[in-house]
**Student:** 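Input: one structure, supplied below.
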Amino acid sequence: MNAIATATITTKDTGEEIHGVTVLGDYHMNDGYDWMELIGEHGWAVIPSWGCDGWDLGQWPYVMVAGIRTADEVGNLFGMATYCEGDVTCTFYRTKARFWDAISEQAFFHWKNGQAQGPEDLPTAAAELPSRYRQPCTVFTAA
């Protein structure tokens, strides 16, 4: 599969089939920083941190999570892509809440396995994460 393609996707949360969506595929040409630059040209952005205090989301340039908000005639679409040394998985959600849940699950996995710096008081399962760990980081944004 090409690193950037147009495809038909099925949303993970609502099961809708949507045609003509820009999706991300495997990228084994260069490194993660090059992938980050390439996907940025197509509206995607790598999410550097997650949760109320901005803990690491991934381990750049080897592991990254990217997102996009787009829309079709029905409404918003939220895309999440995970990059792990060139292997890319891309999923889409109709609701922002489910999109945030998916990112939170990725963050939890990396925090729990010591692949990224995260909060010290992690629960045993991602579903048990407190709400303060299940949201975008706003610590570094201007008021």
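Throughout, residue positions are numbered sequentially from 1 according to the sequence presented. Since we're looking at a predicted model, the values are computed, not measured.
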**Student:** For the backbone of A97 and the side chain of R134, can you confirm whether one donor and one acceptor N or O come within less than 3.5 Å of each other?
**Tutor:**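 No; zero donor-acceptor contacts below 3.5 Å.
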**Student:** Verify the cluster assignment for F108 and M64: are they in a single hydrophobic cluster under the rule of side-chain heavy atoms below 4.5 Å apart?
**Tutor:**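 Different clusters: F108 never reaches M64 through Ile, Leu, Val, Met, Phe, Trp or Tyr contacts under 4.5 Å.
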**Student:** Would F92 end up clustered with F99 when hydrophobic side chains under 4.5 Å apart are linked, directly or stepwise?
**Tutor:**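 No; tracing contacts between hydrophobic side chains, which count when under 4.5 Å, never links both residues.
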**Student:** Report yes or no: do I103 and F109 belong to one cluster of Ile/Leu/Val/Met/Phe/Trp/Tyr joined by side chain heavy-atom distances under 4.5 Å?
**Tutor:**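 Per the 4.5 Å side-chain linkage, I103 and F109 are not co-clustered.
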**Student:** Ignoring hydrogens, what is the shortest heavy-atom contact between C90 and W44? Give both atom names and the distance.
**Tutor:**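 Closest approach of C90 to W44, heavy atoms only: SG-CH2, 3.7 Å.
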**Student:** Using 0.5 Å steps for rounding, measure from the CG atom of L77 to the CG atom of D72.
**Tutor:**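 Result: 4.5 Å between the selected atoms.
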**Student:** How long is the span from the NE2 atom in H110 to the OG1 atom in T82, to the nearest 0.5 Å?
**Tutor:**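 Interatomic distance, H110 NE2 to T82 OG1, rounded to 0.5 Å: 7.0 Å.
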**Student:** Centroid separation under 6.0 Å, is that true for the rings of W55 and Y133?
**Tutor:**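 Yes.
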**Student:** For V63 and C84, which heavy atoms make the closest approach, and how far apart are they?
**Tutor:**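 Here V63 and C84 meet closest at CG2-SG, 4.1 Å.
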**Student:** Would you give me the side-chain donor-acceptor pairs under 3.5 Å for residues 35-43, sequence neighbours excluded?
**Tutor:**
none

**Student:** Can you measure from CH2 (W111) to CH2 (W50) and round to the nearest 0.5 angstrom?
**Tutor:**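 Those atoms lie 9.0 Å apart.
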**Student:** Who are the side-chain hydrogen bond (donor to acceptor under 3.5 Å, both in side chains) partners of E16, not counting sequence neighbours?
**Tutor:**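 Applying side-chain hydrogen bond (donor to acceptor under 3.5 Å, both in side chains) to E16 gives T14, R94.
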**Student:** Do I68 and V74 belong together in a cluster built from hydrophobic side chains that touch within less than 4.5 Å?
**Tutor:**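 Hydrophobic grouping puts I68 apart from V74.
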**Student:** Checking side-chain contact (heavy atoms from CB on, under 4.5 Å) for the pair H28/D87: CA distance, chi angles, key distance, verdict?
**Tutor:** CA-CA 7 Å; H28 294 286; D87 296 333; 3.0 Å; yes
**Student:** Write down the atom of V23, the atom of A7, and the distance for their closest heavy-atom approach.
**Tutor:**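 Closest pair (atom of V23, atom of A7, distance): CG2-CB, 3.9 Å.
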**Student:** Using a 3.5 Å distance criterion without hydrogens, assess whether the side chain of D13 forms a donor-acceptor pair with backbone atoms of T95.
**Tutor:**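 Yes.
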**Student:** Measure across L24 and A81 and return the closest heavy-atom pair with its distance rounded to 0.1 Å.
**Tutor:**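 Answer, listing the atom of L24 first, then A81: CD1-CB, 3.6 Å.
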**Student:** Check Y83 against D31 and note the closest heavy-atom contact, atom names and distance.
**Tutor:**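 Smallest heavy-atom distance, with atoms named: OH-C, 3.5 Å.
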**Student:** Just wondering, are more than 12 heavy atoms of other shown residues or ligands nearer than 6.0 Å to CD in Q135?
**Tutor:**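 More than 12 within 6.0 Å, yes.
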**Student:** Could you tell me whether D101 and K12 have a side-chain N and a carboxylate O separated by less than 4.0 Å?
**Tutor:**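 Looking at D101 and K12, the cut-off is not met.
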**Student:** What are the two closest heavy atoms between P61 and Y33, and how far apart are they?
**Tutor:**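 Heavy atoms of P61 and Y33 come nearest at CB-CE1, 3.4 Å.
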**Student:** To the nearest 0.5 angstrom, please state how far the OH atom of Y93 sits from the CD1 atom of I9.
**Tutor:**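 Atom-to-atom, Y93:OH and I9:CD1 are 10.5 Å apart.
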**Student:** Just verifying a value: how many Å separate L57 CG and I47 CD1, rounded to the nearest 0.5 Å?
**Tutor:**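 If I round to the nearest 0.5 Å, the distance is 6.0 Å.
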**Student:** Would you say the side-chain atoms of Y27 pair up with the backbone N or O of V88, donor to acceptor, closer than 3.5 Å?
**Tutor:**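 Side chain of Y27 to backbone of V88: no pair is present.
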**Student:** When clusters are formed by joining ILVMFWY residues with side-chain heavy atoms under 4.5 Å apart, either directly or through shared neighbours, do M29 and Y62 land in the same one?
**Tutor:**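 No, no single cluster joins them.
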**Student:** Determine yes or no for a side-chain-to-main-chain donor-acceptor pair under 3.5 angstrom, with N113 supplying the side chain and Q115 the backbone.
**Tutor:**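 Such a contact is absent between N113 side chain and Q115 backbone.
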**Student:** So how far is it from R132 CZ to D121 CG, rounded to the nearest 0.5 Å?
**Tutor:**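 Going from the CZ atom of R132 to the CG atom of D121 covers 5.5 Å.
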